[in-house]
Amino acid sequence: MGQTFVRPLWSAATRDKEISAKADDEPTFDPRYGFANRKERVMVATEDEMDCAGLTGHERDYCAHILIKYLDCKWTHFPYVKNRCQHVHHEFIECQKEDELFRMMEYEREKRLRIRARTRALKGKKESEDLVS
C-alpha cells in the first residue's frame with residue numbers, strides 16, 4: 001500500500017485543466033516576466049555535434065555539450081573510465097540536477113501565473129457584474 005504517487009485531491013490546481021500544465025505545453029507567459037536581467041537559455045551543443053555523438057532524443061537537452069565531453073572522455077580513457085572521467089561525469093550529473101530544478105521552478109511559476117490570471121479575470125468579471133446591477 002502507498003507505493004503509487006497520488007495527486008492531492010483537495011488541490012484545485014491539480015484538477016483544473018486550465019491551470020495545470022502538461023510537459024509539452026508552450027509557456028503561456030513571457031519567460032522574462034518579473035525578472036529584470038534574466039538571460040534566455042540557449043543550447044551550447046549544435047544539432048551536428050549531437051548527431052555525430054549519436055545522442056538519442058532524451059539526451060538532447062541543455063546538458064548535451066557536457067554529455068558529449070563525457071562520452072569523448074570515456075572513449076579516450078576506456079579501461080580507466082571511472083578514475084579518469086569522474087570529474088566530467090560529476091559535471092554532467094550536476095548539470096542534469098540544475099536543469100531538473102529549473103524545469104520544476106518554471107512549472108510552478110507557470111502554474112502560479114495561471115492561477116493569478118484566472119483570479120484576476122474572475123475578480124474583474126465580478127466587479128463588472130456589480131457595476132451592472
Side-chain angles (χ1 to χ4, degrees):
M1 290 197 336
Q3 297 156 342
T4 59
F5 176 73
V6 180
R7 283 184 160 176
L9 299 175
W10 59 87
S11 174
T14 57
R15 291 181 300 184
D16 197 348
K17 302 291 184 199
E18 293 177 6
I19 294 174
S20 60
K22 302 281 188 277
D24 56 349
D25 283 353
E26 290 294 320
T28 312
F29 302 94
D30 181 28
R32 287 171 289 194
Y33 176 70
F35 298 98
N37 299 324
R38 188 175 197 185
K39 296 178 184 176
E40 185 177 349
R41 293 180 79 190
V42 293
M43 288 286 295
V44 179
T46 62
E47 286 289 326
D48 293 334
E49 291 174 345
M50 291 188 281
D51 288 338
C52 289
L55 299 184
T56 58
H58 71 279
E59 295 172 331
R60 294 175 181 242
D61 56 1
Y62 289 102
C63 300
H65 63 287
I66 302 173
L67 179 60
I68 292 171
K69 191 165 55 170
Y70 176 61
L71 293 175
D72 183 45
C73 183
K74 278 175 64 174
W75 179 257
T76 54
H77 303 291
F78 171 62
Y80 310 106
V81 173
K82 184 152 180 97
N83 296 335
R84 296 191 180 164
C85 300
Q86 184 177 6
H87 64 286
V88 184
H89 185 257
H90 176 72
E91 186 180 350
F92 174 67
I93 296 298
E94 287 299 313
C95 182
Q96 290 282 52
K97 287 179 184 177
E98 289 174 11
D99 185 47
E100 183 179 0
L101 180 65
F102 182 79
R103 286 186 284 117
M104 287 191 305
M105 288 190 309
E106 282 298 309
Y107 173 80
E108 291 296 325
R109 178 181 171 271
E110 181 76 21
K111 189 169 79 170
R112 281 194 313 271
L113 287 174
R114 286 182 182 187
I115 292 171
R116 179 181 177 197
R118 187 178 72 175
T119 306
R120 285 185 173 183
L122 290 174
K123 186 176 180 182
K125 185 178 179 182
K126 184 177 179 184
E127 288 176 0
S128 64
E129 288 176 357
D130 291 342
L131 290 176
V132 172
S133 356

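No experiment lies behind these values; they were computed from the predicted model shown. Residue numbers run from 1 in the order of the sequence given.
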Practice item. In sequence, state the C-alpha distance, the side-chain angles, and the governing distance for T46 and M50, and then conclude on side chain to side chain contact (heavy atoms under 4.5 Å, CB included). Key: CA-CA 6 Å; T46 62; M50 291 188 281; over 6 Å; no

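- F35 belongs to no multi-residue hydrophobic cluster, having no ILVMFWY side-chain contact under 4.5 Å with any other such residue.
- Under a hydrophobic clustering in which Ile, Leu, Val, Met, Phe, Trp and Tyr are joined whenever their side-chain heavy atoms come within less than 4.5 Å, directly or via other members, F102 and F29 fall into different clusters.
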Check your understanding: Please walk me through it: do R41 and E98 pass salt bridge (Lys or Arg N to Asp or Glu O under 4.0 Å)?
Key -> CA-CA 13 Å; R41 293 180 79 190; E98 289 174 11; over 6 Å; no

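- The same ILVMFWY cluster, assembled from side-chain heavy atoms under 4.5 Å apart, contains both V81 and I93.
- What you find for R84 and H87 is that their closest heavy atoms are O-CE1, 3.2 Å.
- Residues I115 and K111 meet the side-chain proximity criterion, which asks for heavy atoms closer than 4.5 Å.
- F92 and V44 are not part of a single hydrophobic cluster, where members link through side-chain heavy atoms under 4.5 Å apart.
- We find that E106 and R38 are joined by a salt bridge, their nearest charged nitrogen and carboxylate oxygen being less than 4.0 Å apart.
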Exercise for review: Go through the steps for R116 and L113 under the test side chain to side chain contact (heavy atoms under 4.5 Å, CB included), then give the verdict.
Suggested key: CA-CA 5 Å; R116 179 181 177 197; L113 287 174; 4.0 Å; yes

Exercise for review: Go through the steps for Q86 and H89 under the test side chain to side chain contact (heavy atoms under 4.5 Å, CB included), then give the verdict.
Suggested key: CA-CA 5 Å; Q86 184 177 6; H89 185 257; 5.6 Å; no

Practice item. Start with the C-alpha gap between E100 and K97, add the side-chain angles, then the distance that decides, and say whether salt bridge (Lys or Arg N to Asp or Glu O under 4.0 Å) holds. Key: CA-CA 5 Å; E100 183 179 0; K97 287 179 184 177; over 6 Å; no

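- The number of heavy-atom neighbours closer than 6.0 Å to CD of E49, taken from other residues, nucleotides and ligands shown, is above 12.
- A distance of 12.0 Å separates OH in Y33 from CD in E110, rounded to the nearest 0.5 Å.
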Result block: side-chain N/O donor-acceptor pairs under 3.5 angstrom for residues 52-62, not counting sequence neighbours:
| unit_1 | atom_1 | unit_2 | atom_2 | d |
| --- | --- | --- | --- | --- |
| T56 | OG1 | H58 | ND1 | 3.2 |
| T56 | OG1 | E59 | OE1 | 3.3 |
| E59 | OE1 | T56 | N | 3.0 |
| R60 | NE | L55 | O | 3.2 |
| R60 | NH1 | E47 | OE1 | 3.2 |
| R60 | NH1 | D51 | OD1 | 3.3 |
| R60 | NH2 | D51 | OD1 | 2.7 |
| R60 | NH2 | L55 | O | 3.2 |
| D61 | OD1 | C63 | N | 3.2 |

Distance-only donor-acceptor pairs under 3.5 Å for side chains of residues 68-79, two or more places apart:
| unit_1 | atom_1 | unit_2 | atom_2 | d |
| --- | --- | --- | --- | --- |
| K69 | NZ | E91 | OE1 | 3.4 |
| T76 | OG1 | D72 | O | 3.2 |
| T76 | OG1 | C73 | O | 3.1 |

